[in-house]
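What you see is a predicted model; the values in this text were computed from it and never measured. Labels below follow one simple rule: chain letters A, B, ... track the order of the sequence lines, proteins then strands, and each chain is numbered from 1.
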Number of protein chains: 2
Amino acid sequence: MGHSTDEELETKEMDVRSLSSSHRQAQSLPYMHKVGVPPKQNLFKEFTSTVKETFFADDPLRPFKDQTRSRKFVLGMQTIFPILEWGRNYSLTKFRGDLISGLTIASLCIPQDIGYAKLANLAPQYGLYSSFVPPLIYAFMGSSRDIAIGPVAVVSLLLGTLLQSEIDPSTHASEYLHLAFTATFFAGITQATLGILRLGFLIDFLSHAAIVGFMGGAAITIALQQLKGFLGIKKFTKKTDIISVMHSVWGSAHHGWNWRTIIIGASFLTFLLVAKYIGKKNKKLFWVPAIAPLISVILSTLFVYVTHAEKDGVEIVRHIEKGINPSSVNKIYFSGENLAKGFRIGVVAGMIALTEAVAIGRTFASMKDYQLDGNKEMVALGAMNVVGSMTSCYVATGSFSRSAVNYMAGCQTAVSNIIMSCVVFLTLEFITPLFKYTPNAILSAIIISAVINLIDFQAAILIWKIDKFDFIACMGAFFGVIFASVEIGLLIAVSISFAKILLQVTRPRTAILGKIPRTSVYRNIQQYPEASKVPGVLIVRIDSAIYFSNSNYIKERILRWLTDEEEETRASYMSNIQFLILEMSPVTDIDTSGIHALEELYRSLQKRDVQLVLANPGPVVIDKLHASNFANLIGEDRIFLTVADAVQACCPKLVEEEA
Amino acid sequence: MGHSTDEELETKEMDVRSLSSSHRQAQSLPYMHKVGVPPKQNLFKEFTSTVKETFFADDPLRPFKDQTRSRKFVLGMQTIFPILEWGRNYSLTKFRGDLISGLTIASLCIPQDIGYAKLANLAPQYGLYSSFVPPLIYAFMGSSRDIAIGPVAVVSLLLGTLLQSEIDPSTHASEYLHLAFTATFFAGITQATLGILRLGFLIDFLSHAAIVGFMGGAAITIALQQLKGFLGIKKFTKKTDIISVMHSVWGSAHHGWNWRTIIIGASFLTFLLVAKYIGKKNKKLFWVPAIAPLISVILSTLFVYVTHAEKDGVEIVRHIEKGINPSSVNKIYFSGENLAKGFRIGVVAGMIALTEAVAIGRTFASMKDYQLDGNKEMVALGAMNVVGSMTSCYVATGSFSRSAVNYMAGCQTAVSNIIMSCVVFLTLEFITPLFKYTPNAILSAIIISAVINLIDFQAAILIWKIDKFDFIACMGAFFGVIFASVEIGLLIAVSISFAKILLQVTRPRTAILGKIPRTSVYRNIQQYPEASKVPGVLIVRIDSAIYFSNSNYIKERILRWLTDEEEETRASYMSNIQFLILEMSPVTDIDTSGIHALEELYRSLQKRDVQLVLANPGPVVIDKLHASNFANLIGEDRIFLTVADAVQACCPKLVEEEA
C-alpha cells in the first residue's frame, strides 16, 4: 500500500510495452469473434439486481406484478394463507384421501406424542396438546401437502436435554414448564424471522451428511433412554451419553429390572417390528405398521387392567390431564435471566425443527413435483409454534415417520392434518382417562420402533461412496451425539460443515488442459489421458471465482504448474513454454485481491518472458478487467473467446520462430 | 431420511425407464468422443493427494527427493537458514548495494523507532531495541531480500491500545512492560505455529480491501495521536477515536497549546513533506525523504540545545536508556490471568504483523520475481519475535515505508538489515544521550509524514471501480478504526470479509447459454446478445461446485430458469422446452447434498417431461455421478463432452417430432 506510486510507474511502463507488442501481434492474427463486454449498467441497477439474486432468487412478488389493488389484496391473503388458494377447488375425492390418511396418522401420533412428551421431561398431555393446535395453524398457513405436524423425537430430546441443563424438572416442575413454553415461543419467533428476512439459506449450512449423522446418533440416544421404561428401571441417569446410560442400566441389572415389564415390552416391540417389516415388504400394507402402535396400546392397557400388573411394579401412565389445551400466555418468561435461557434454547431447537421440517417438505414436494417456498414455509412453522407456545404446546415440527405414512396413505392436502388434530381433540376430551393403565414399557417400545427409521445406513454408505469428507462430518456428528451429548454432536456437525466451506473457498482446483484428438476441444489431461498438450503453450483452467481468500494460492499454483512444465520440457528438449493460456470460463467473479494476483502473475511471467493469454472471461470478470485497466496491461488482443482461438493465435508465431 | 426405502424403489423404476429410453435414443446418435472417467485411485492415494493439494501445494519437500542423508541435512539447514544458501555466492558488488540501503534505512528507522515506541506506550529505547535484535534474526532465517524489519506504526498502535485496555501504563509501568513482552512472545509463537502447521492461508481471510481500509484508518488515528506532541498538549485522552481526540484537542486550544512547539513541529513537518514530494517526483532522489527525518532530528535537537526552548514548555525526549537490549526472559508472564491476556493480545497483534509482513514480502518478491514461501517466512518472523520478546523487544515486523526505501536504495539481500541493526547497535551504545534535547514535536512530525503513505487513495478508488462489496468492507474497516477503535475496525473488516465468503458459497451464479453465430461455441447470452438460443433446448451453466451450502439454491434457480423460459415460449408459440442441458464445466466438485439436488431436479423434470442432459462434467464430478448411480439414473448416453455435442444429440429428435 505504501509504495503504490512505484507500482503505478511500473504499470505504465508495462502498458507501453504490452501495447506495442500487441500491436505487433495484431497483424498476424486472423479475425475471431471478440469477447463480449456486457452493457454497463448503473450502480443502483447493479445493486438491486445483486440483492434480488441473493435474497429474492425465487422472485416472490412476480404474481403481484400489474394487478389491481383488490386483486393484490386477495393474492396477499393467499400467500399468507395458501388454504384460500387450494381450498377453492377442494373436492370430495381429495377429502376421501385426506380422511383416511388423517385417521392413520392420528392413530400413529397419539401414542407417539405421549412418549415424546416424556423425552422432553413433560407430562404426557403436552404431547397431545402439541398435536392439536399446531397442525390446525399449519393447515391454514403451510404450503406442503404431505407433511404431518406434531412433536417429534429428536426435537423433544434436544429440548429436554437443553432445558434440563438449566432447570431440574423433578424439583422445579413449574419453572421448567414455563421455560419450555418460553423456548417454544422463541423457537417460533426464530423460524418466522428467518422466513421474513428471507435468510432461509442459513439452515443450508447444516450439510445433508451432518444431518444423517446427527439423526442416527439422536435415534440411538433416544432408544437408549427408553431402556428406563423398557426394563422398568427406577433410578436412571439424567445424562444422555451412551457410557453413563449403559452404566446405570448394568448397575441396576440385578435388583432394578422388572421382568414383567420386560416381557410386556419385548413382546409388543417384536409385534411392532414385525408389523414394520410387513409394511416395508408390501407397500399396500403400509397401514399395518401405522395402526400397530395404537393396537398394542389398547391390548397392553387391557392386559394390565385385567391382570393388575401395576401392582407387581409394572410402571403405568397413571394420569393424563383431561380436556384441551389451557392457555399458557402468562407462563412465558418475558423478563429475567430465564428470558435469555429460553431464547438461547429456542433458537437452537427452532433451527433444528426447521431443518427437519424443510427437509421433509422438500423431499415430498420433489416427489409430487410442486414448488415449496422455503421462506414462506418457515413463516408458517414459526407462526404455528408461537401460537403453540401460548396454548401449552412445546416445539412441534414435521415428523419423518408420520409424513411418510401420510404420503403413503394418499393424503391430498393439509386437510389430513386437520383431521388428525380433530381426532386428537376428541382423544383429549373423552379418551385420555382410558390411558391410565397403559404401561410405560409400551410407549418405550413404540418410540424405539419409531426412531429406528432415523438410522439411515444406506445414506451413510452412499455418503462414504460419494464424499469421504462428508462421511467424516457424518460420523463426527453421530459419535458426538452418542458419546457426548446432542449439543456437542450438533456443534461438531456445524463446525465440520464450516471447515469444508472454508477449504472450498481457500483451495480451488486448477487443471492443465490438452487438445482432444480430432476435435478443437481442450480438456483436463488427467481426465482425458489421450488429450495432447500444445508444444510451447501451457493451458491452465482456474476452477473457481478468484477472491482474496484464494487469489494468492491460485497465483502460486499456476506458477508452480509452469515451473513443473518447464522442467519437463527442458528434460525432453521440447521447445520451452512461451505462452500461458488461462481458461477463465469457470471464473465467475474476481475482486481487487484477485486482480492484484493476476498483475503479480503477469509480472512474474514477463520476467520469464512467457506471454499471458486469457480465454473466455465471463461478463463480470471482463468488466472488472477493464475497470482495473488489467485488460490494457496485457493487451486487449490477448483475450480470446475460446482456448482454441487462443492457441490458434499463439501457434503461428511459434512456427515462425522455430523456422 | 426416514423413507429412504421408498426413494430407492422410485429410483429403480426410473432406472428401468431411463435405460430403455436411452436405448431407444442410442441408435439415432452419431459417434462422439465420450466423457472420460478418471482411473479409480485407492482411498489412501486419494486422501494423501488431497492433503498435499491443500497444505503442501508448494511441494516444499521436492528438493529433498532422492538425496543422500548428508545432502538432506545441508538442505534442511538451508531451508531453516536461507542465508547459508545465498550467503555462499555473496559478492562485494552486492555488499555495496546492501551497505548503502542499510545505512539509509537505519537513518530512517532510528527516529521512527523512538516515535513508534511512544505509540505502544513504551519508553523510547524499546523502539531501538526492536530494531537491533529482530533484524539480525530475520537476516539469517528470512527469505525476503527487500523487507526492512523493525517496529511499525500500525502494530505499535494496536499493541498500545490492546495493552492499555488491560493495564494502565502510567500507574503500573512495569506490569505493562511485562505484559508487552508476553504479548510479543505469543505473537511470535502464533506466527511460527501458523507457519509450521502450514496454516498460512488463514491470513488470506483478511481481504486486500479490508487491509487498505484498516491501514488508512490506523494512519489517521496515529496522526491524530501525534497532535499531543505536535501541539504540546499536556493532558490528552487515552481513547483513540476521532471524537474524543478532537474533543481534548479543542478543549485545550486556549491554554493547553504551546506556540513554540507548534512552530518547530510545523516548520519541520513542512520540510519533511517537501522532501517526500521531491522523492516522489524524482526517483533518483529517493534518499532525500529517507535522510530528512534524521537531519530534522539533528537540527531541531541542536536548536533546542542552543535556545533552551525546553524551559519554555517545549516537550523533549529527556532520557533514553544507554546500552543494548537487557534480557527480558524473566519478565514474560507464564502463569496467572496476565498469561491469558498476553496470549489474546499476542495472537491479534501477531496476525496483523504477519499480514503486513507477508503483504510486503509478496509485493517485492513479485517485483524482482523470486518465489517467497509464505509458511517459511512466518516461521522466520515468529522466531524473530520470540527471541525479541526475550531481549526487551516488542512486536517487530516488515515496515512498508522502510522496505520501499530499502528497495529503491538498491538492497540486494537481507544483509541490509544486518547493516541497519549494526548502526542501531552503535546508536544504543554511544549516541542515545544526544537525543536528550530532541523535541517530541519532531518525532510527531516524523510519524505523521511516515503514516501518510498508509492512506492509499488510488487503491480505494480502484476498489470502488472493481468491486462495490469490497469497497464496503474497505470503508467499514476505515470508519470503524477512526470512530470506534482499532479492534472494532479490525472486527468489522474480518466479519465483512467472511460475509462475502458465505454469500459466495451460498449464492453461486448460473447462466443461460446460446450459440454464437458461425461457431459451435455456447456462451452466456447476457454477455453475448448475438448468441441465439436453440429452440426446444434450454442450456444452463452452473458456475460453482455444488455443495450442501448451495445445492438447493442451484436446483430451485434452474427450475425457475425453466419456468421463465416455458412462459416465454408459450407466449411466442415456439416449440416448448424438451431438453435441459446442464453445462457442468465449472462444477469442480459435488457432494451428497449436491447429488440429492440433482436427483430432485431430475424428478421434477420427469414430471414436466423435460429430458435432463449433462455436458462436460469434470473428473471428480463424473466419478461421483457414477458412485452415486446418478449417471445410470439419467442414462450414460445423456452425458456429453461438450454442449455442442449435446445439442447435436438433442436436435435431430426435435426435427422428427416437428415433421
Would a 4.5 Å heavy-atom cut-off, applied to side chains only, mark E556(B) and R362(A) as touching?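 They are in contact (side-chain heavy atoms under 4.5 Å apart), so the answer is yes.
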Of all of K624(A), R523(A), E356(A), K555(A), which one pairs up most often with chain B through heavy atoms under 4.5 Å apart?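 Top count of heavy-atom pairs under 4.5 Å with chain B: R523(A).
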Most contacts with chain B, counted as non-hydrogen pairs under 4.5 angstrom, among S403(A), A219(A), A545(A), S497(A):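 Heavy-atom pair counts peak at S497(A).
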Pick whichever of N616(B), T506(B), L559(B) has the most heavy-atom pairs under 4.5 Å with chain A.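 Most heavy-atom pairs within the cutoff with chain A belong to N616(B).
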Could you look at K468(B) and say if it's the side chain, the backbone, both or neither that has a heavy atom under 4.5 Å from chain A?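 It is the side chain, since no backbone atom gets that close.
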Would you give the length of the straight line joining atom [atom1] of [X] to atom [atom2] of [Y], rounded to the nearest 0.5 angstrom?
X: H596(B); Y: T363(A); atom1: NE2; atom2: OG1; value: 9.0 Å
X: F469(B); Y: D589(A); atom1: CZ; atom2: CG; value: 11.0 Å
X: I542(B); Y: T588(A); atom1: CD1; atom2: OG1; value: 12.5 Å
X: T642(B); Y: Y522(A); atom1: OG1; atom2: OH; value: 14.5 Å

Could you check whether any side-chain N or O of [X] sits under 3.5 Å from a backbone N or O of [Y], counting only pairs where one atom can act as donor and the other as acceptor?
X: Q527(A); Y: P617(B); answer: yes
X: R541(A); Y: P586(B); answer: no
X: R603(A); Y: K368(B); answer: no
X: S593(B); Y: S207(A); answer: no

With sequence neighbours excluded, residues passing side chain to side chain donor-acceptor pair (under 3.5 Å) with D591(A):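 Per chain and number, D591(A) pairs via side chain to side chain donor-acceptor pair (under 3.5 Å) with K500(B).
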Report the residues that fulfil side chain to side chain donor-acceptor pair (under 3.5 Å) with N524(A), sequence neighbours left out, ordered by chain and then residue number.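 Partners of N524(A) by the side chain to side chain donor-acceptor pair (under 3.5 Å) criterion come out as none, since no residue qualifies.
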[X] versus chain B, the contacting section by heavy-atom distance below 4.5 Å:
X: N552(A); result: side chain
X: S520(A); result: neither
X: I590(A); result: backbone

Evaluate the criterion side chain to side chain contact (heavy atoms under 4.5 Å, CB included) for residue pair V620(B) and R509(A); output intermediate values, then yes/no. CA-CA 11 Å; V620(B) 187; R509(A) 288 207 176 72; 4.0 Å; yes
Out of L625(B), I595(B), D623(B), which one pairs with I466(A) under the side-chain contact (heavy atoms from CB on, under 4.5 Å) rule?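 When L625(B), I595(B), D623(B) are each tested with I466(A), the side-chain contact (heavy atoms from CB on, under 4.5 Å) holds only for I595(B).
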How far apart are the closest heavy atoms of L462(A) and S628(B), and which atoms are they?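 In this case the closest contact between L462(A) and S628(B) is CD1-CA, 4.0 Å.
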Can a donor-acceptor pair be found between the side chains of T592(A) and D467(B) at a distance below 3.5 Å?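 Side chains of T592(A) and D467(B): no pair found under 3.5 Å.
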